[in-house]
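This report concerns only the one structure given below.
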Protein chains: 2
Amino acid sequence: MAKEHDDTIASRISRVLADRIIRGELAPDARLRQDHIAEEFGTSHVPVREAFRRLEAQGLAVNLPRRGVRVASFDLKEVREVAEMRAALEGLALRHAAQHLTPAILDAAEEATREGDAASDVYAWEEANRRFHRLILAPSDMARLLAAIDDLHAASARFLFSAWQSGWEKRTDHDHRAILAALRQGRADEAAAILQKHVQWIGRAPVRTASGSTREAFAIVG
Amino acid sequence: MAKEHDDTIASRISRVLADRIIRGELAPDARLRQDHIAEEFGTSHVPVREAFRRLEAQGLAVNLPRRGVRVASFDLKEVREVAEMRAALEGLALRHAAQHLTPAILDAAEEATREGDAASDVYAWEEANRRFHRLILAPSDMARLLAAIDDLHAASARFLFSAWQSGWEKRTDHDHRAILAALRQGRADEAAAILQKHVQWIGRAPVRTASGSTREAFAIVG
DNA sequence: GAATTAAAAATTATCTATAATTTGGAAGGA
DNA sequence: TCCTTCCAAATTATAGATAATTTTTAATTC
């Protein structure tokens, strides 16, 4: 039902490109040539340009008029910025969502945490992590806030994949469990406080650069 | 210099339409017909469509694929939501900006407050108010955060103009002065706390509806 | 009220103009 | 001679205009 009828070519292109940027298949500063992309998707450049405007708004691409669109670059400063914005907004969302959380939702969130702990690669972990956050925040029923958080999660995931392309290690997410425990006991403010700390934790990993040397990469790991 | 070289037709259209929506010249749910707008601006509909994507991302318009674009509607719930998001994000920005604030900036912010107090209509007041907030937050130097705050200010202004189309009364902004006083004394956290309260204050005003009766309208007045 | 047709509007394709970039010398200097 | 720098022509890509197509909405008929 509703197959993909409510879906324009532009939105499909923007989703696919966003995914490639997030996964690092399109590197920072890489040019996005509208005619090439149009050809790949078998369309004209018009919907491609519309997709570009969406990517710009998400902060995944930057446009230089008459000089083309490039994948947005990022640095440690922006990782920190996104972490703090997530802390502020997710804390707000959780305080509103708390009163609408049901045992069923909390159970689903715990299951997402287990799946994250069991994840064998960083992509699977990120998917489970994002699901956890979305599950406990969605009942806030604040559309604008949730959309903003989604865009921040996209940025987070990009930082994460950039740092941990390989070498992912399983670990147990104690923060998620502490958040769920607090929520089960109706301690919403405590849960929000843990969440805010949790989201601001920035992990670091050594990354092999193109030139063979290694540098440190940073990413939000919550 | 640099006249409007770094400016596309699409961005100009999106700015003009955003302004009309914010000022209430384009009412909620009003249809935005791409061909009509294209004709008005003396262009084709292609840049108009790109402008629509930007308005969508700002939350000022909604797109129903193949059925056209409409001005986004809003309600008290969204006014509250925007107020809380502004509180969260402006608080964050101020805590980062505080250490970079100079006496010159604080003087300029005080001047903006005076201009707001002296404003004779709601449009002048909003301009001065926005300038105050931008002045004290910009030194945080967090581009993504400031862009998000700008979009929330646009939404705020729309709510305000919708409620106070006429009947604006001068008043003295004690909150702004308390914020500046705290900042001058280096009490950043206190300033941020006042700002957060300030931004969440929702004023109400009676509004004459089309049918002649009156209803209450709500808006962020900080 | 359901079905059919006509009109309007959105989406996408194709085409054109213009700006930006690259390339290929030519001139000048060491 | 070799290298660098500068300029102009050629190439490439973006931005926008115009044209074609599909979809939705309205009107009309049965």
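Small disclaimer: the values here were computed from a predicted structure and weren't measured. Only heavy atoms go into these numbers, but all of them, side chains included; no hydrogens, no water, no symmetry mates. Each chain gets a letter, A, B and so on, in the order the sequences are listed, and its residues count up from 1.
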Open item on the list: From CZ of B/R70 over to P of C/dA9, roughly how many Å is that when rounded to an integer?
Closed with: 12 Å
Task: Between D/dT12 (P) and A/E39 (CD): distance, integer Å - done: 14 Å
TODO: Quick one, give me the B/S/- string for nucleotides 11-18 of chain C, reading 5' to 3', where B means a protein heavy atom under 4.0 Å from the base and S means that only happens at the primed atoms, P, OP1 or OP2.
DONE: BBBBB---
Open item on the list: Which residues pass the salt bridge (Lys or Arg N to Asp or Glu O under 4.0 Å) test with B/R67, not counting sequence neighbours?
Closed with: none
- [ ] Measure from CZ on B/F52 to C1' on C/dA10 and round the result to the nearest Å.
- [x] 10 Å
- [ ] Output all residues satisfying salt bridge (Lys or Arg N to Asp or Glu O under 4.0 Å) with A/R23, sequence neighbours left out; order by chain, then residue number.
- [x] A/E25
Task: side-chain contact (heavy atoms from CB on, under 4.5 Å) partners of B/V46, counting only residues at least two apart - done: A/V46, B/S44, B/E50
Task: Between C/dA8 (P) and B/I37 (CD1): distance, integer Å - done: 19 Å
Open item on the list: Suppose we screen for salt bridge (Lys or Arg N to Asp or Glu O under 4.0 Å). Which residues come up paired with A/E115, at least two apart in sequence or across chains?
Closed with: A/R131
Open item on the list: Check the orientation of A/H176 and A/H133. Use parallel for under 30°, tilted for 30 to 60°, and perpendicular for over 60°.
Closed with: perpendicular
Task: With A/F52 via ring pair (Phe, Tyr, Trp, His ring centres under 6.0 Å) - residues at least two apart - done: none
